[in-house]
*Asks:* 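Right, I'll just put the structure down here and ask away after.
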Amino acid sequence: MKEDMPDINPKLLSPYNPKETEDRIYKLWEESGFFNPDTCIEKGITKADAEPFSIVLPPPNVTGTLHIGHASMLVIEDIMVRFARMQGKRTLWIPGTDHAAIATQSKVEKIIEKEEGKRKSDLGREEFLKRVEKFAQESHDTIVSQIKKMGASIDWSREAFTLDEKRSLAVRTAFKQMYDDGLIYRGHRIVNWDPKGQTVISDDEIVYKEEKTKFYYLKYGPFTIGTARPETKFGDKYVVMHPDDARYSKYKHGDKLIVEWINGPIDATIIKDESIDMEFGTGVMTITPWHSAIDFEIAERHNLDKEQIIDKYGKLLPIAGDFAGMKIKDARAKIIERLEEKGLVEKTEDYTHNIATAERTEAVIEPQIMNQWFINVNKPIPARNNKTLKELMLDPVSNEQIDILPENFKKVYFNWVENLRDWCISRQIWYGHRIPVWYKNEEIYCGIEAPKEAGWIQDEDTLDTWFSSGLWTFSTLGWPEQTKDLADYHPTTILETGYDIIFFWVARMILMSQYLLGEIPFKTVYLHGLVRDAQGRKMSKSLGNIIDPLDVSAKYGADAVRMSLVIGTGPGNDSKMSEDKIKAYKNYANKLWNITRFVLSSTENIEYDEKFDSWTDKDRALIEERNSIMKTITKEMEEYKFYLVGDKIYQYTWARFADVIIEESKPILQGDNTEDKNSRAQFLLETLREIITVLHPFMPFVTEEIWSMLPIKNKNLLMVTPWPIDNKNA
RNA sequence: GCGCGGUUAGCUCAGUUGGUAGAGCGUCCCCUUGACGUGGGGAAGGCCGGGGGUUCAAAUCCCUCACCGCGCACCA
């Protein structure tokens with residue numbers, strides 16, 4: 001039966017085969033050079049003065065492989081980028097990876113411990129770093145090939161890494177400028193210490209977990225104090241209450257008394273402070289300034305002594321007397337035993353509270369007072385109209401220089417910035433940007449390069465990974481050098497990223513760009529959600545519900561995976577993923593294939609005329625209908641409503657074009673009326689062409705493949721073919 | 001505690017400025033040898049979370065309650 005169609009591309013005779021197609025097409029794109037806007041200009045595809053469209057890829061961590069969430073991000077961004085390119089914009093998408101300091105280091109530590117039974121201290125800093133770098137390189141290579149598989153039309157010639165030479169220079173330059181402006185300082189402050197990771201972490205790297213524990217009421221002289229942490233109480237010599245608390249009015253601020261305590265009598269001092277909640281417990285507490293942020297603040301206010309009770313490894317110090325050297329967990333019960341013996345335990349209750357744990361190591365955070373590096377977010381900056389970093393972060397969002405989609409995240413953003421405390425940027429890990437500060441005797445030197453004279457020793461610490469990520473929109477464009485790229489493409493057009501890193505990353509990019517460049521890093525922030533499984537659960541190894549983007553792409557084609565990741569995924573919302581959904585879009589790719597076969601075979605003896613004008617009334621009506629849909633689609637593309645567009649094209653192709661229009665066309669094409677026949681044939685060809693064109697950002701592989709088979713004269717690759725609708729000049 | 005979402009067909013979700021409820025998957029029936037069974041036609045199935053209000057008209061706007069989810073802050 002197929003002999004009747006001798007001129008049809010033989011590929012069309014069998015079902016669409018993504019496996020055979022995708023790698024070949026990607027290679028075609030890469031070889032064309034069109035991922036690079038400079039090439040597009042050189043070859044006359046894009047005008048040199050065209051409107052720029054630029055976007056940076058949120059650099060995946062070099063901790064392993066990409067997951068479905070990365071795939072979703074790649075797809076949304078690739079749709080933006082392909083659409084912009086087809087609209088004739090000077091389109092730049094910059095790829096890169098993130099060294100992810102603490103995440104990568106702890107991953108490699110785990111591997112080395114598992115495979116060789118060694119710790120990083122057994123290897124030494126230099127050797128350990130070599131191992132991390134090797135691991136990072138391998139991860140990088142995997143990630144790059146995965147990005148290509150998904151069809152990302154990204155400019156590989158501009159690839160960056162947060163820890164490469166150029167980005168390191170950017171980091172040191174930024175650090176030095178902040179240091180010189182007095183925004184970066186070193187000081188003894190209460191910080192979040194991770195006893196397992198042996199490093200400080202920022203407030204945002206903390207995860208609160210619910211814990212059931214005991215709450216003890218202890219006799220402290222004439223008072224009863226409540227605590228869940230008796231092991232910190234050894235040095236407690238201040239007893240604090242609210243100044244308005246009538247129950248304790250006979251005690252005056254500064255009164256001294258001697259109380260019997262864990263290891264004997266203690267000189268206690270009465271402190272009155274308004275931060276005390278009279279309703280909670282007995283309204284009296286003792287404080288441990290070294291190991292509690294709240295207590296630290298009280299101590300600062302009243303200029304009280306601070307004493308360390310717990311060491312870096314979570315063990316008790318000599319102040320604990322008999323308990324010295326014990327771990328917190330073991331000590332707690334023993335201390336209570338002792339207090340019981342002394343008759344100091346009044347009662348014990350069950351208690352549920354949230355404890356701070358480290359995001360990476362899951363260890364319980366122990367607040368400690370330590371000498372660390374901080375960024376001052378409240379200091380006026382003369383070069384920026386005396387605005388503080390906080391204000392520099394707030395301004396562009398409140399005055400709408402920067403749009404956030406969906407808008408409700410603005411509120412979340414404001415709330416976070418307003419409550420922001422100084423950002424602790426030093427980390428006691430090895431992998432990362434070393435702090436560009438050197439010491440010699442009492443002297444301190446901060447510079448972009450090491451001092452030339454001998455005897456200077458560099459600070460041991462590295463920087464929080466988000467410090468370098470904060471520079472990403474401009475460090476990738478060549479800053480601190482004043483490059484052409486920087487002038488052409490910064491501020492970037494849009495930042496597309498997950499809502500879970502709005503604080504970590506989005507806020508810090510705004511901070512860095514506003515401060516260092518005096519301009520916003522991007523005009524729009526598009527926040528995507530989490531990709532969950534069909535039941536709405538998070539994907540995790542333990543649930544066994546992980547969908548690997550590469551697996552499903554191999555099985556159903558990257559186009560099908562792309563469609564299923566976009567449709568039903570508005571900004572800010574989590575999306576759900578299932579193989580059934582992917583399967584449906586694989587069928588769609590095949591449907592397009594079959595439509596193409598029909599249209600090409602049934603119009604074989606008719607020459608496609610792009611300027612055809614003798615439409616029948618019926619076809620004129622169909623064109624009008626199609627144009628109106630295309631207009632809507634274009635408008636929604638411009639509004640970033642890809643989830644609507646994808647579905648609209650799908651519906652139009654299948655339910656309208658295939659099921660109705662093509663069915664109606666069969667008798668027309670087989671009939672005797674030449675005018676009707678010709679008009680309808682032209683309509684089918686033109687409509688197929690338009691469908692394939694507007695679908696290209698969503699399903700680039702199958703559309704590019706079909707495009708290559710359409711009877712169009714002088715055509716270029718579909719990826720650089722102009723978008724068919726221009727709403728502005730319509 | 002403060003804030004933000006969500007609640008629409010069995011499941012997962014759309015529903016643009018208020019105008020007679022939609023899709024995918026699933027279920028049931030039927031059809032089909034020239035584009036496609038990865039198909040076609042049809043059907044069942046929804047007081048659009050509860051209550052109240054505005055309006056000629058509300059899934060859509062306002063108020064309120066309930067439940068689910070998330071973020072931030074956390075009390076010793």
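A quick note: this is a predicted structure, and the numbers were derived from the prediction, not measured. Every chain is numbered from 1 and lettered A, B, ... according to where its sequence line falls, protein lines coming before strand lines.
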*Asks:* Taking any strand in view, what nucleotide pairs with B/rG5 in a Watson-Crick or G-U wobble way, both distances under 3.5 Å?
*Replies:* B/rC68

*Asks:* Which nucleotide in the set B/rG3, B/rC36, B/rA35 lies at the smallest distance from any side-chain heavy atom of A/Lys411?
*Replies:* B/rG3

*Asks:* Looking only at atom C1', what distance separates B/rC48 and B/rC31, rounded to whole Å?
*Replies:* 35 Å

*Asks:* Quick check: closest heavy atoms across A/Lys209 and A/Thr357, and the distance to 0.1 Å?
*Replies:* CE-OG1, 3.9 Å

*Asks:* Under a 3.5 Å limit for both distances, which nucleotide forms a Watson-Crick or G-U wobble pair with B/rU20, could you say?
*Replies:* none

*Asks:* From C-beta outward on A/Lys641, which listed nucleotide comes closest to its side chain: B/rC72, B/rU38, B/rU16?
*Replies:* B/rU16

*Asks:* Partner of B/rA35 by Watson-Crick or G-U wobble geometry, both contacts under 3.5 Å, or none?
*Replies:* none

*Asks:* When the C1' atoms of B/rA9 and B/rA21 are considered, how many whole Å apart are they?
*Replies:* 10 Å

*Asks:* Once you apply a heavy-atom cut-off of 4.0 Å, does A/Lys233 come out as touching a base, just sugar-phosphate, or nothing?
*Replies:* sugar-phosphate

*Asks:* Taking the nucleotide of RNA chain B with the closest heavy atom to each, which residue, A/Thr286 or A/Pro15, is nearer the 5' end?
*Replies:* A/Pro15

*Asks:* Taking atom P of B/rG71 as reference, at what distance in whole Å does atom NZ of A/Lys410 sit?
*Replies:* 23 Å

*Asks:* Are the ring centres of A/Tyr585 and A/Tyr650 closer than 6.0 Å?
*Replies:* yes

*Asks:* Taking N and O atoms by type only, does the side chain of A/Gln651 place a donor or acceptor under 3.5 Å from a partner on the base of B/rA14?
*Replies:* no

*Asks:* Starting the side chain at C-beta, find the nucleotide from B/rC36, B/rG24, B/rA14 nearest to A/Ala584.
*Replies:* B/rG24

*Asks:* Using whole Å, what does the distance between atom P of nucleotide B/rU16 and atom NZ of A/Lys631 come to?
*Replies:* 21 Å

*Asks:* Using the P atom in both, what is the distance from B/rU7 to B/rU17, to the nearest Å?
*Replies:* 16 Å

*Asks:* Just how far, in rounded Å, is P of B/rC75 from CD1 of A/Ile355?
*Replies:* 13 Å

*Asks:* I want to check a possible cation-pi pair here: A/Lys586 against A/Tyr556, using under 6.0 Å from ring centre and within 45° of the ring axis as the test.
*Replies:* no

*Asks:* Name the nucleic acid region contacted by A/Ala658, choosing base, sugar-phosphate or nothing; use a 4.0 angstrom heavy-atom cut-off, strictly under.
*Replies:* base

*Asks:* Check A/Lys212 with A/Asp350, please: is the shortest side-chain N to carboxylate O separation under 4.0 Å?
*Replies:* no

*Asks:* Just checking A/Lys666: base, sugar-phosphate only, or nothing, at a heavy-atom cut-off of under 4.0 Å?
*Replies:* base

*Asks:* When you compare B/rA44 with B/rG10, how far apart are their P atoms, in angstrom units rounded to a whole number?
*Replies:* 14 Å

*Asks:* Between the main-chain N or O of A/Ser14 and the side-chain N or O of A/Trp593, is there a donor-acceptor pair closer than 3.5 Å?
*Replies:* yes

*Asks:* By nearest heavy atom, map A/Asn587 and A/Asp295 onto RNA chain B; which one lands nearer the 5' end?
*Replies:* A/Asn587

*Asks:* Determine the interatomic distance between P on B/rC25 and the same-named atom on B/rC63; round to the nearest Å.
*Replies:* 39 Å

*Asks:* What class does the angle between the rings of A/Trp261 and A/Tyr220 fall in, given that below 30° is parallel, 30 to 60° is tilted and above 60° is perpendicular?
*Replies:* perpendicular

*Asks:* How long is the line joining CZ of A/Arg597 and P of B/rG39, in whole Å?
*Replies:* 13 Å

*Asks:* What nucleic acid atoms does A/Ile294 come within less than 4.0 Å of, heavy atoms only: base, sugar-phosphate, or nothing?
*Replies:* sugar-phosphate

*Asks:* Grab the CD-P distance between A/Glu639 and B/rU17 for me, whole Å please.
*Replies:* 10 Å

*Asks:* Which nucleotide, if any, forms a Watson-Crick or G-U wobble pair with B/rA57, using both distances under 3.5 Å?
*Replies:* none

*Asks:* What contact category does A/Ile567 fall into here, base, sugar-phosphate, or nothing, at under 4.0 angstrom with non-hydrogen atoms?
*Replies:* nothing

*Asks:* Identify the residue among A/Trp466, A/Phe409, A/Trp416 that makes a ring pair (Phe, Tyr, Trp, His ring centres under 6.0 Å) with A/Phe503.
*Replies:* A/Trp416

*Asks:* Just to be sure I understand the rule, does A/Asp277 reach a base, reach only the sugar-phosphate, or reach nothing, if contact means heavy atoms closer than 4.0 Å?
*Replies:* base

*Asks:* Between B/rU60 and B/rA14, how far apart are the two C1' atoms, rounded to whole Å?
*Replies:* 13 Å

*Asks:* Tell me the interatomic distance from A/Glu636, atom CD, to B/rU16, atom P, rounded to whole angstroms.
*Replies:* 10 Å

*Asks:* Look at the side chain of A/Phe280 and decide which nucleotide, out of B/rC75, B/rG39, B/rG24, has an atom nearest to it.
*Replies:* B/rC75

*Asks:* Atom NE2 of A/His353 to atom P of B/rA73: distance rounded to whole Å?
*Replies:* 17 Å

*Asks:* Is B/rC25 paired to anything, Watson-Crick or G-U wobble with both distances less than 3.5 Å, and if yes, which nucleotide?
*Replies:* B/rG10

*Asks:* Using OP1 and OP2 only, check whether a side-chain N or O of A/Trp654 sits under 4.0 Å from B/rG40.
*Replies:* yes

*Asks:* Taking atom CZ of A/Arg247 as the centre, does the number of heavy atoms from other residues, nucleotides or ligands within less than 6.0 Å exceed 12?
*Replies:* yes

*Asks:* With hydrogens left out and only the distance checked, is there a donor-acceptor pair under 3.5 Å joining A/Lys581's side chain and the base of B/rC25?
*Replies:* no

*Asks:* Any side-chain N or O of A/Lys591 under 4.0 Å from OP1/OP2 of B/rA35?
*Replies:* no

*Asks:* Which nucleotide in the set B/rC72, B/rG15, B/rU38 lies at the smallest distance from any side-chain heavy atom of A/Asn590?
*Replies:* B/rU38

*Asks:* Taking the C1' atom of each, how far is B/rU33 from B/rG39, in whole Å?
*Replies:* 13 Å

*Asks:* From the options B/rU16, B/rU38, B/rA14, select the nucleotide whose nearest atom is closest to the side chain of A/Tyr643.
*Replies:* B/rA14

*Asks:* Please give the distance between the P atoms of B/rC28 and B/rC70 as a whole number of Å.
*Replies:* 36 Å

*Asks:* Round to the nearest Å and state the distance from A/Tyr208 atom OH to B/rG71 atom P.
*Replies:* 13 Å

*Asks:* By nearest atom, which of the nucleotides B/rG34, B/rU16, B/rG41 is closest to the A/Asp659 side chain?
*Replies:* B/rG41

